[in-house]
Amino acid sequence: MPAPGAYSGQAYSPAGDKGRYVLPPAFRKAVKEASGGARTLCLVAHERFDCLIGFGLSRIDKLHEQLEREEERAIRLGQDDFDRDVRAGQLFQFEQLPFDDSGRFVMPDHLRELGKVEDGLYFQGAGDFFFVWNPDELAQMDSSWKGAQATCKRLVADAEAKAAKKGGGK
């Protein structure tokens, strides 16, 4: 059994009504476990990529440890430009979003803007966290992302086929 907060796998979730998105079941379960049973999703813009990252509340302790390590390293290397307050602000700027039993949550507009979120979300596990991509943004990444790009493309096509079939049956 993976440790709480060990995120793996991939999933795609189309945008829902009323600005709601759905945290897919495998990620929902992992976030809930990593949040001590609470249905709390933490989301923040990635520092380098045009996407978001998500995680459960258990990562907060790791962020505190990371801040301590970075400060100790800066002191050891004589890096006078390290600003603990600025770095803390960067690490802890995530939003804590509640989600219901079905995984539905409302994403704040500023996160939608930062992550360039539109019609759907592609989720890619990354161990301590998971990426949340707009499929179009992921498609623009370099070849080091080719596995995620191929999976995302397939999952989006499957979701569109399912939606078309559902719409055609009315």
Side-chain angles (χ1 to χ4, degrees), residues 2-11 13 15-16 18-24 26-100 103-142 144-145 148-149 152:
Y7 303 101
S8 63
Q10 310 82 28
S13 179
K18 302 177 186 173
R20 288 187 289 198
Y21 293 88
V22 175
L23 187 60
F27 291 89
R28 182 181 327 142
K29 181 177 188 250
V31 168
K32 190 174 177 183
E33 288 173 0
S35 295
R39 292 186 315 254
T40 304
L41 167 64
C42 299
L43 278 180
V44 66
H46 192 279
E47 289 183 16
R48 290 190 328 261
F49 307 132
D50 286 331
C51 68
L52 304 173
I53 61 170
F55 49 89
L57 295 172
S58 65
R59 187 151 192 241
I60 294 172
D61 289 338
K62 291 179 182 180
L63 293 174
H64 283 288
E65 292 168 8
Q66 180 179 341
L67 181 61
E68 291 298 321
R69 279 192 316 273
E70 289 180 15
E71 183 177 40
E72 288 171 9
R73 182 177 187 275
I75 291 168
R76 190 174 61 253
L77 297 176
Q79 296 173 331
D80 296 332
D81 60 343
F82 180 82
D83 187 319
R84 182 183 174 93
D85 294 339
V86 169
R87 187 62 179 138
Q90 293 168 338
L91 290 173
F92 293 93
Q93 66 183 341
F94 57 86
E95 293 282 336
Q96 294 183 35
L97 307 173
F99 59 90
D100 67 16
R104 290 178 299 214
F105 65 95
V106 176
M107 187 180 304
D109 289 341
H110 71 281
L111 283 178
R112 289 183 59 189
E113 252 180 65
L114 289 167
K116 299 188 177 181
V117 171
E118 293 176 6
D119 298 331
L121 303 174
Y122 172 71
F123 296 82
Q124 175 75 42
D128 287 343
F129 64 92
F130 52 92
F131 292 97
V132 182
W133 286 98
N134 169 340
D136 293 335
E137 292 298 318
L138 177 59
Q140 294 176 37
M141 297 299 287
D142 67 33
S144 63
W145 292 90
Q149 291 164 331
C152 180

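Along the sequence shown, residues carry numbers from 1. All figures in this text were calculated on a predicted structure; none of them were measured in a lab.
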**Student:** For Ala45 and Leu111, which heavy atoms make the closest approach, and how far apart are they?
**Tutor:** N-CD2, 4.3 Å

**Student:** If you measure from the Lys or Arg side-chain nitrogens to the Asp or Glu carboxylate oxygens, is any gap between Glu72 and Arg76 under 4.0 Å?
**Tutor:** no

**Student:** Using a 4.5 Å cut-off on heavy atoms from C-beta on, say whether the side chain of Val44 contacts that of Phe55.
**Tutor:** yes

**Student:** Can any side-chain N or O of Arg39 pair as donor or acceptor with the backbone N or O of Phe99 at less than 3.5 Å?
**Tutor:** yes

**Student:** Does Asp142 CG have over 12 foreign heavy atoms under 6.0 Å away?
**Tutor:** yes

**Student:** Using distance alone, with no hydrogens and no angle criterion, decide if Gln90 and Arg87 have a side-chain donor and acceptor under 3.5 Å apart.
**Tutor:** yes

**Student:** Would you call Leu41 and Gln96 a side-chain contact if the rule is heavy atoms closer than 4.5 Å?
**Tutor:** no

**Student:** Are Met107 and Val117 close enough, and set up right, to give a side chain to side chain contact (heavy atoms under 4.5 Å, CB included), and what steps lead you there?
**Tutor:** CA-CA 9 Å; Met107 187 180 304; Val117 171; 3.8 Å; yes

**Student:** Taking the side chain as C-beta and beyond, is there a heavy-atom pair between Ile53 and Arg59 under 4.5 Å?
**Tutor:** yes

**Student:** Would you mind checking if Arg84 and Glu68 are paired as a salt bridge, meaning a charged N to carboxylate O distance below 4.0 Å?
**Tutor:** yes

**Student:** Does any N or O in the side chain of Thr40 come within less than 3.5 Å of the main-chain N or O of Pro98, such that one atom is a donor and the other an acceptor?
**Tutor:** no

**Student:** Would you compute the distance between atom CG of Asp136 and atom CG of Asp119 and round it to the nearest 0.5 angstrom?
**Tutor:** 8.0 Å

**Student:** Look only at the side chain of Gln149 and the backbone of Met141, and say whether a donor-acceptor pair between them is shorter than 3.5 Å.
**Tutor:** yes

**Student:** Parallel, tilted or perpendicular: which fits the ring planes of Phe131 and Phe49, with parallel below 30° and perpendicular above 60°?
**Tutor:** tilted

**Student:** Kindly compute the distance separating CZ (Arg20) from CG (Asp100), expressed to the nearest 0.5 Å.
**Tutor:** 7.5 Å

**Student:** Taking the side chain as C-beta and beyond, is there a heavy-atom pair between Tyr21 and Arg104 under 4.5 Å?
**Tutor:** no

**Student:** Starting at SG of Cys51, measure out to CG of Leu121 and round the result to the nearest 0.5 Å.
**Tutor:** 11.0 Å

**Student:** Could you walk me through whether Arg112 and Glu118 pass the side chain to side chain contact (heavy atoms under 4.5 Å, CB included) test, one step at a time?
**Tutor:** CA-CA 7 Å; Arg112 289 183 59 189; Glu118 293 176 6; over 6 Å; no

**Student:** Which atom names give the shortest non-hydrogen contact between Pro135 and Tyr122, and what distance separates them?
**Tutor:** CG-CB, 4.5 Å

**Student:** Write down the atom of Gly56, the atom of Tyr7, and the distance for their closest heavy-atom approach.
**Tutor:** N-OH, 2.8 Å

**Student:** Anything under 30° is parallel, anything over 60° is perpendicular, the rest tilted; go ahead and classify Phe123 against Phe130.
**Tutor:** tilted

**Student:** Taking Asp50 for its side chain and Gly115 for its backbone only, find out whether a donor-acceptor pair lies under 3.5 Å.
**Tutor:** no

**Student:** Go through Leu138 and Trp145 one step at a time and tell me if the side chain to side chain contact (heavy atoms under 4.5 Å, CB included) criterion holds.
**Tutor:** CA-CA 8 Å; Leu138 177 59; Trp145 292 90; 3.9 Å; yes

**Student:** Would you compute the distance between atom CD of Gln93 and atom CD of Glu47 and round it to the nearest 0.5 angstrom?
**Tutor:** 8.0 Å

**Student:** Okay, side chain of Arg28, backbone of Leu23: is any donor-acceptor separation there less than 3.5 Å?
**Tutor:** yes

**Student:** Under 30°, 30 to 60°, or over 60°: which ring-plane class applies to Phe92 and Phe94, parallel, tilted or perpendicular?
**Tutor:** tilted

**Student:** Quick check: closest heavy atoms across Phe27 and Ser8, and the distance to 0.1 Å?
**Tutor:** CZ-O, 3.8 Å

**Student:** So does Leu57 get a backbone contact from the side chain of Ser35, meaning a donor-acceptor N/O pair under 3.5 Å?
**Tutor:** yes

**Student:** Using side-chain heavy atoms (C-beta onward) and a distance below 4.5 Å, is Leu43 in contact with Val132?
**Tutor:** yes

